[in-house]
Every structure is written in C-alpha cells, then in structure tokens.
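Each remark here refers to the structure printed beneath this line.
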Amino acid sequence: MEVVDPDDSRRWTWQELRSAVLEDVPTAGTPGRVARLLGSMVTAAAGAFIGEGPPEMRLRLETDTETEAVTVYAAAAGGYGAKEVELSQALLARFVAGTADPSTLARWGEEHAVEGTPEPAVRESLLTAWIHTRA
C-alpha cells in the first residue's frame with residue numbers, strides 16, 4: 001500500500017496493517033439512471049471547467065502504532081452503491097487478514113485499464129469474485 005504525495009510519500013505492507021477502512025465514500029444517489037448519468041456528465045464538465053479532480057474519499061489505515069487517513073480518488077464519477085461499498089470493505093479486510101491477494105486486483109487493473117471504469121454491476125461481480133479468491 002503506497003501513498004504518493006509530492007510532500008510526503010508513505011508505504012505500508014499489508015502485514016503491517018491492522019485495518020484499512022473506506023470513509024466518506026461518494027455514494028450513488030437515489031435518482032434514476034438517466035438522471036445519474038446526466039448529473040455525472042454535468043459534474044465532470046463543471047469539474048473540468050473549474051479544474052476539479054475526481055471525487056475523493058478517505059482510506060483510514062491503522063497499524064499497531066499509528067492511524068492515518070489518506071485521501072484517495074474514486075474511480076466511479078457517479079459514486080458507489082451500498083452493496084459495492086460493503087464488498088469493497090470486505091475485500092480490504094481480506095487483504096489485511098492475508099486471505100486475499102491484492103495482486104489479483106492489480107493484475108486486472110493493468111489488463112483492463114484502457115476500458116475505463118466498469119459499470120456498477122460489473123464492479124460488484126468483480127469484487128464478489130475477488131473476495132472468494134484465496135491468497
């Protein structure tokens with residue numbers, strides 16, 4: 001786990017971590033799909049115009065000696081559903097416990113980067129598969 005910051009880069013091994021918890025996750029709103037899509041397009045256009053980046057969330061990392069909250073960027077401009085957040089938390093917990101292998105996720109990311117962020121149903125399916133893959 002590496003945090004790259006121009007002022008202070010940090011690195012932790014999964015073995016050092018006692019927990020890794022997502023906080024302030026941007027959630028998908030309750031409007032319908034068309035409204036969400038339109039909202040995402042407007043948000044992206046406005047963000048590009050005023051120089052904003054992707055939505056942010058926090059990742060709270062806890063070791064035996066410290067707790068640090070780092071800012072991470074959301075891949076999904078429209079936010080995440082409750083099920084997807086639950087699955088993501090479960091996968092992070094398995095990484096920390098050593099019962100899932102983060103390289104599986106990294107490998108998938110490298111192989112599919114040009115395709116962009118998958119749709120929510122695909123992300124949920126991938127998370128479910130990764131949760132059930134042994135380390």
Side-chain angles (χ1 to χ4, degrees):
M1 172 81 60
E2 185 175 9
V3 176
V4 179
D5 183 307
D7 298 323
D8 182 31
S9 294
R10 300 282 315 269
R11 177 177 240 136
W12 296 266
T13 64
W14 287 104
Q15 293 79 16
E16 288 177 274
L17 294 173
R18 285 189 9 206
S19 69
V21 178
L22 291 169
E23 300 174 337
D24 304 324
V25 177
T27 56
T30 54
R33 182 184 167 119
V34 173
R36 265 198 319 269
L37 178 60
L38 181 58
S40 295
M41 289 170 45
V42 169
T43 300
F49 179 72
I50 61 174
E52 289 183 5
E56 296 178 350
M57 56 187 148
R58 304 301 149 256
L59 179 60
R60 185 173 35 83
L61 303 170
E62 185 177 347
T63 68
D64 287 336
T65 59
E66 69 178 332
T67 299
E68 185 163 341
V70 296
T71 300
V72 294
Y73 296 103
Y80 300 95
K83 180 70 174 175
E84 189 173 1
V85 173
E86 177 186 320
L87 291 168
S88 296
Q89 296 283 22
L91 185 57
L92 280 170
R94 293 215 43 225
F95 288 161
V96 169
T99 58
D101 185 357
S103 68
T104 302
L105 174 66
R107 211 171 21 259
W108 185 92
E110 291 168 1
E111 293 170 0
H112 297 274
V114 297
E115 299 166 19
T117 303
E119 293 296 316
V122 174
R123 294 192 307 258
E124 286 183 17
S125 293
L126 287 166
L127 287 164
T128 300
W130 293 329
I131 287 169
H132 293 99
T133 301
R134 287 277 170 215

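Side chains included, hydrogens not; waters and symmetry mates left out as well; all remaining heavy atoms used. In this chain, numbering begins with 1 at the start of the sequence shown. Keep in mind the model is a prediction, meaning the values are calculated, not measured.
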Rounded distance [0.5 Å steps], CG in Leu92 versus CG in Leu87: 11.5 Å

Non-hydrogen atoms of His132 and Thr128 that approach each other most closely: ND1-O, 2.7 Å

Partner set under side-chain hydrogen bond (donor to acceptor under 3.5 Å, both in side chains) for Glu56, not counting sequence neighbours: none

Approximate separation, where rounding is to 0.5 Å, of Glu16 CD and Glu62 CD: 13.0 Å

Joint hydrophobic cluster, Val21 plus Trp14, side-chain heavy atoms closer than 4.5 Å: no

For Pro26 against Met57, the heavy-atom pair lying closest together: CD-CB, 3.8 Å

Nearest heavy-atom neighbours spanning Asp64 and Arg18: OD1-CD, 2.8 Å

Phe95 side, atom CZ; Thr104 side, atom OG1 - distance, nearest 0.5 Å: 7.0 Å

Short side-chain to backbone donor-acceptor contact, Ser103 and Ala106, under 3.5 Å: no

Ring pair (Phe, Tyr, Trp, His ring centres under 6.0 Å) partners for Trp130, two or more places apart: Trp108

Spacing of CG belonging to Leu22 relative to CZ belonging to Arg58, to within rounding of 0.5 Å: 11.0 Å

Glu84/Arg123 salt bridge by N-O under 4.0 Å criterion: yes

Side chain Thr117, main chain Ala76, donor-acceptor under 3.5 Å: no

Qualifying residues under side-chain hydrogen bond (donor to acceptor under 3.5 Å, both in side chains), relative to Glu110, sequence neighbours excluded: none

Value rounded to 0.5 Å, distance of CD in Glu68 from CG in Leu59: 10.0 Å

Reported CD-to-CD distance for the pair Gln89 and Glu23, which is rounded to 0.5 angstrom: 8.5 Å

Considering all heavy atoms, the nearest Ala20-Leu61 contact: CB-CD2, 3.7 Å

